[in-house]
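Contents: one structure, followed by commentary.
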Amino acid sequence: MTSTHASKIIASTRDLSDFHGGIHPQEMKSLSNQTAISKAALPPKLILPLQQHIGNASKVMVDIGQQVLKGQLLAEADGFVSVNLHAPTSGTIESISEQAIAHPSGQSDLCLTLIPDGQDQWCALSPSEDVTQLSNSEIQAKVRQAGIAGMGGAGFPTDIKLQPPKHANIEILILNAAECEPYITSDDRLLRERADEVVAGLNIVASVLQTTTCLIGIEDNKPEAIAALKAATQDSNIEICVIPTKYPSGGEKQLIKILTGKEVPSGKLPADIGIVCQNVGTVAAIYRAVRFGEPLISRITTLTGLQVQQRGNVEVLLGTPINWLLSQYGYQAAKRERLIMGGPMMGFTLTDTEIPVVKTTNCILAPNEKELPLAPPAQACIRCGLCADACPAELLPQQLYWFARGQEYEKAEHHNLFDCIECGACSFVCPSSIPLVQYYRHAKGEIKHQRADQQKSDQARVRFEARQQRLENEQAEKAAKRKARAEAAAKAQAAKKLAESQTTVIDSAKPEATQAAPIQADLKSQTEPTIDVVDLSELKTAWDEAQSKLDKMYDALDAAKENNPEQITKLSRAVEKNQMRVNQTKQAWQKASTKAGSETKTAIVTQTENETKAESQNASEETNKPDLAALETAYEKADSKLAKLENALANAKPEQVEKLTRAVDKNKDRVATAKAEFEAAQQALNQTDKADAPVLEAPVDIPALELAFEKADSKLAKLENALANAKPEQVEKLTRAVDKNKDRVASAKAELEAAQQALSQTDKADAPVLEAQIDIPALELAFEKADSKLAKLENALANAKPEQVEKLTRAVSKNQDRVKAAQDELEQARLNVAAATTTPVNESGTQ
Amino acid sequence: MALLTLTSPHTKGPQRTSVMMRWVIAMTLPGLVMQTVFFGWGNLHNVIWCSIVALLCEILVLTLRKRPIAFYLNDYSALVTAVLLGLALPPFAPWWVSLVATAFAIIFAKHLYGGMGYNPFNPAMVGYALVLVSFPVAMTTNWATPLSLLEQTPSLSQTLSTIWGSGVLPDGFTGATPLDIYKHEIAHSLSSDVLANPIFGSGISLGWEWVNGAFLVGGLVLLFLKIIPWQTPVGVLAGLMIPSLLLGYDADQSTPFFMHLLSGATMLGAFFIATDPITSATTTRGRLIFGFGIGLLTYIVRVYGSYPDAFAFAVLLMNFAAPLIDVYTQPRTYGYEKAKRGTKTKELK
């Protein structure tokens with residue numbers, strides 16, 4: 001029932017603004033505002049939750065079994081943001097236990113259970129005849145004592161609201177009589193019947209807050225209430241502002257905007273802009289508390305919905321179980337229905353009807369299915385924007401919906417998700433029936449979780465870093481102490497040595513010290529000496545010294561095995577290092593000696609016969625004129641030698657591995673030189689070639705080189721086998737060998753192809769001199785590239801850790817692929833050559 | 001007694017998506033009637049044919065996606081696409097042109113993106129643009145000559161045989177649109193000479209002005225019912241009118257602005273196509289910009305481009321821009337001094 005004529009009768013003198021959006025649901029007020037407020041009977045038990053307000057739960061002051069009087073303090077406010085709880089009637093405290101409470105989650109909370117004794121006996125009250133005589137602090141104390149919280153739905157402790165903030169004067173006091181939500185009529189009836197109490201309470205609040213401007217905002221669908229207010233405020237300067245009926249104009253922020261045109265800044269309270277809002281029921285309760293000393297023990301609640309037969313407003317004692325209350329008023333449960341505490345737009349469903357009435361219960365709604373049918377299944381959002389048109393907070397509900405669905409919470413927060421007052425206007429208008437408010441509640445919850453997790457992880461990080469710092473400090477202290485001790489020990493040793501050299505008495509009582517000295521010195525030196533000397537004698541000396549050192553270390557190791565088992569690992573490691581150093585020095589010396597062309601071969605290195613044979617062969621080959629066939633033979637032999645070497649390598653012990661790989665390397669050097677000669681021969685060949693092409697060599701070249709490639713390939717395969725089965729220390733060396741070998745093979749293939757190309761060109765009896773000449777520089781370039789690549793690989797391998805072995809094996813496999821590719825090309829070239837040389841070869845004859 | 005646990009709000013308003021879609025279809029009927037009166041049976045046939053194709057495609061895709069068919073067909077979105085295509089395509093377009101346009105629109109431009117509500121591009125315009133570019137001859141030579149200019153109007157069977165058969169009508173039944181003719185003729189004639197062509201009727205476009213007027217009426221009804229927002233159509237018309245008044249005021253040089261407004265697909269596009277809520281901007285200011293962009297782009301392509309009527313391209317281009325427009329036209333929320341615009345979002349505190 002809308003009565004827009006009411007606003008014409010009572011014209012407001014104040015300029016009213018409007019808020020953005022809003023909806024006009026069916027009011028359904030006539031269901032419950034036709035009859036006067038009835039007083040509910042005494043229920044068989046009262047359940048009183050200790051938290052019916054925002055803030056801390058109250059502290060229990062009574063014991064189980066205690067007899068209490070009506071209005072007696074049962075639980076005291078715990079802290080500043082808390083309220084008192086009083087007995088709604090006289091009786092006995094039956095229990096203090098967890099009971100279901102009025103909360104959307106359906107959770108339980110601590111409650112006092114009071115069994116009324118039927119006497120309804122008041123305790124001693126302290127009324128005040130003349131409230132104008134009371135000071136502000138006395139009034140605040142009375143309000144706090146009475147346990148009054150905001151009864152409009154939030155439950156904020158009223159006494160805190162009555163204390164104006166230091167930084168702002170309260171200029172406007174607004175009484176929120178809008179009651180915009182459908183179905184609820186409790187404020188309407190209260191105003192109709194007890195307007196003078198309400199106005200008196202409003203005056204009390206105004207005097208405490210020291211405001212001069214009092215506004216009452218009331219919707220125009222309550223003409224009787226407006227009339228009653230008009231009568232009650234005749235001789236006061238309280239202004240009654242009749243506002244158009246629109247949901248949610250009863251929202252605090254929206255009402256402030258309508259009545260004053262100001263907006264409450266986001267995240268702030270109305271008190272920050274000098275405005276305080278109070279609910280009608282709260283204000284009436286303030287009056288009763290201050291004037292009569294009555295604590296808050298009952299409230300007006302609307303019982304409505306078509307499932308309730310005797311609909312109307314009830315003055316119900318706090319703690320009354322809802323199921324009993326509904327049964328008193330003709331409630332019939334339907335098969336599938338919901339029971340709503342609050343209105344249809346913002347109320348929550350109750351799961352258990354044993355739930356008690358609390359200070360914020362303004363309505364109990366029991367609709368049947370026709371009244372509030374279930375929402376149809378949600379369709380896809382069509383981005384129509386009706387939700388944004390309806391939103392009183394001027395948000396973009398559509399975007400918030402997409403972000404909440406996509407879990408993009410930063411964007412949702414950026415779009416002011418937390419300014420949503422969850423009024424439900426967007427869901428109301430959505431044509432696709434999307435439960436928008438549910439998404440926002442979920443998103444808000446998720447963001448709060450994330451913030452809490454973030455805080456926790458920040459704290460954890462701070463603690464962790466502090467712990468790390470503490471451990472580091474401890475380590476540093478220990479290291480410093482150790483160092484000091486070592487220095488002291490070294491000094492003591494030096495002094496002792498001095499004493500020894502003077503007295504020539506070996507101190508047998510301390511074998512460890514003498515043995516420890518070279519070992520420690522060895523351990524300290526981390527870098528291995530790089531031997532770059534060209535002088536052979538110096539190299540030899542270095543080698544001898546390393547060898548003698550190694551012998552000493554072996555002795556120390558033996559001694560340690562007998563005396564100090566715990567030092568064995570240290571010593572054995574040192575031994576290995578020295579062994580390596582010995583080998584390196586040997587190697588350097590040998591390289592230098594071979595470079596210099598010296599014939600001195602030491603018996604320490606065990607060379608295979610093939611090596612010497614290869615050397616002699618190479619030497620003999622150098623003196624011969626360039627003969628491709630001979631070169632090929634040399635190459636074949638080098639390859640077979642390689643095969644034998646790798647066999648030995650695969651079966652070698654760790655100490656021999658290095659020697660063998662060095663032998664392999666040497667062998668490769670031989671192969672390289674053989675190839676160089678091959679190239680030179682080719683060059684000479686191409687230069688002398690005109691028309692009489694070395695067709696004779698042609699048929700010999702390709703099959704032989706092909707054979708060489710096959711051999712190289714098989715060798716590669718075997719090396720890789722060895723690699724796969726080798727121990728980690730061997731692996732590095734083996735991969736080095738493999739890589740080198742592959743590079744050689746690749747370069748050899750390049751040369752082969754060039755030779756074939758030259759051959760095929762010469763077969764055509766053209767003058768491919770230019771191409772031939774281009775071939776050789778290309779070959780050389782390829783060779784240099786292969787060499788540099790090898791050097792790099794060697795470096796990498798030398799510095800490689802066992803974990804990198806896999807990487808290197810992968811490189812090995814890559815090279816294998818290249819080998820295969822080159823082999824394919826080789827076959828093709830062979831085919832081409834065969835095709836090109838079918839007729840001329842037969843004519844000019846064979847080998 | 002089982003109490004349901006549900007979340008607020010517990011009541012709903014009367015708006016429904018299917019109702020809105022049905023109103024949109026209903027409000028195209030005046031325009032369709034005018035098209036039939038002035039141009040023959042072609043448009044009516046196309047609307048029916050496209051609707052059949054659209055529903056079949058929708059059923060096919062829903063079956064493949066294993067969705068409940070009745071639930072999704074009930075939102076009438078496929079039917080809206082089909083009706084708009086049927087109205088926009090040339091009346092004598094061959095059956096396979098309509099088929100390709102509609103099938104592509106429903107399957108590719110709508111369902112491949114996730115179905116109604118998830119598509120970024122207007123499906124009808126995607127289908128239209130596809131056939132316009134792929135079958136240019138079929139799309140430009142199959143416009144109907146106004147019936148009043150013909151001695152012998154094509155009968156229903158003739159129309160059907162053209163669309164379904166050889167696609168050839170006696171000369172004179174099909175022709176170019178007035179916009180097309182004006183654009184090409186004004187290059188070498190005076191406007192008075194060009195307008196002497198009977199196709200321009202009383203100076204605007206014979207038949208087309210009535211069609212556009214009928215679509216305007218239908219659109220105004222939709223505005224009144226608050227099914228479409230006013231910002232988009234106003235933006236489109238402004239986007240067409242303002243450049244036309246500024247640059248094309250001389251009728252001897254370019255198409256006059258009243259012809260822009262009342263010829264071609266202007267009113268259909270402004271009130272029915274550009275207002276497709278799924279693909280347009282969502283903020284109120286954004287809708288103005290979106291509509292203006294469509295009008296402006298249509299004007300540019302009509303005058304400087306090679307297509308006589310380019311509404312589809314303009315719509316598609318602005319569909320691209322819609323998300324960005326949204327980001328930059330966020331309204332100011334209650335309690336804030338300024339609106340938070342732009343793409344930068346703060347880290348979660």
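Letters go in sequence order (proteins before strands), and every chain restarts at 1.
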Point to revise | Within-4.5 Å side-chain heavy-atom neighbours: B:Leu3 and A:Leu339 | key: yes
Check your understanding: With only heavy atoms counted, which part of B:Ser280 is less than 4.5 Å from chain A, the side chain, the backbone, both or neither?
Key -> backbone
Study note, to complete from the structure: With sequence neighbours left out, the residues meeting ring pair (Phe, Tyr, Trp, His ring centres under 6.0 Å) with B:Phe104 are B:Phe108
Check your understanding: Does the side chain of A:Val264 come within less than 4.5 Å of B:Tyr334's, by heavy atoms?
Key -> yes
Exercise for review: Please tell me if the side chains of B:Leu4 and A:Leu374 come closer than 4.5 Å, counting only heavy atoms from C-beta onward.
Suggested key: yes
**Study point:** Ion pair check, A:Glu413 and B:Lys340, cut-off under 4.0 Å
**Key:** no
Study note, to complete from the structure: Interface check, chain A: of B:Thr333, B:Val19, B:Ile227, most non-hydrogen pairs under 4.5 Å belong to B:Thr333
Check your understanding: Contact part of A:Pro265 toward chain B, heavy-atom cut-off under 4.5 Å: side chain, backbone, both or neither?
Key -> both
Point to revise | Under 4.5 Å from any heavy atom of chain B - which part of A:Cys384 | key: both
Check your understanding: Can you tell if the side chain of A:Pro377 reaches within under 4.5 Å of the side chain of B:Phe71, non-hydrogen atoms only?
Key -> yes
Exercise for review: Tabulate, in ascending numerical order, the residues of residues 397-404 of chain A having at least one heavy atom closer than 4.5 Å to a heavy atom of chain B, or enter 'none'.
Suggested key: A:Gln398, A:Gln399, A:Trp402
Exercise for review: Please check if the side chain of B:Lys12 supplies one atom and the backbone of A:Phe428 the other of a donor-acceptor pair under 3.5 Å.
Suggested key: yes
Check your understanding: If every non-hydrogen atom of B:Arg287 is compared with every non-hydrogen atom of A:Arg383, which pair is closest and at what distance?
Key -> NH2-O, 3.8 Å
Practice item. Could you tell me which portion of A:Leu396 (side chain, backbone, both or neither) has an atom closer than 4.5 angstrom to a non-hydrogen atom of chain B? Key: side chain
Practice item. Could you name each residue pair satisfying side-chain hydrogen bond (donor to acceptor under 3.5 Å, both in side chains) that touches residues 423-436 of chain A, not counting sequence neighbours? Key: A:Ser432-B:Thr17
**Study point:** Toward chain A, the part of B:Tyr118 with a non-hydrogen atom under 4.5 Å
**Key:** side chain
Exercise for review: Counting only heavy atoms closer than 4.5 Å, note whether B:Met116 contacts chain A via side chain, backbone, both or neither.
Suggested key: both
Check your understanding: For A:Val429, is it the side chain, the backbone, both, or neither that has a heavy atom closer than 4.5 Å to a heavy atom of chain B?
Key -> both
Check your understanding: Under a 4.5 Å heavy-atom cut-off, does chain A meet the side chain of B:Asp276, its backbone, both or neither?
Key -> neither
Check your understanding: Going by residue number, which parts of residues 247-255 of chain A are within reach of chain B, meaning a heavy-atom gap below 4.5 Å?
Key -> A:Lys253, A:Gln254
Point to revise | Test applied, side-chain hydrogen bond (donor to acceptor under 3.5 Å, both in side chains); reference residue, B:Thr7; option that passes from A:His442, A:Arg441, A:Glu422, A:Gln438 | key: A:Arg441
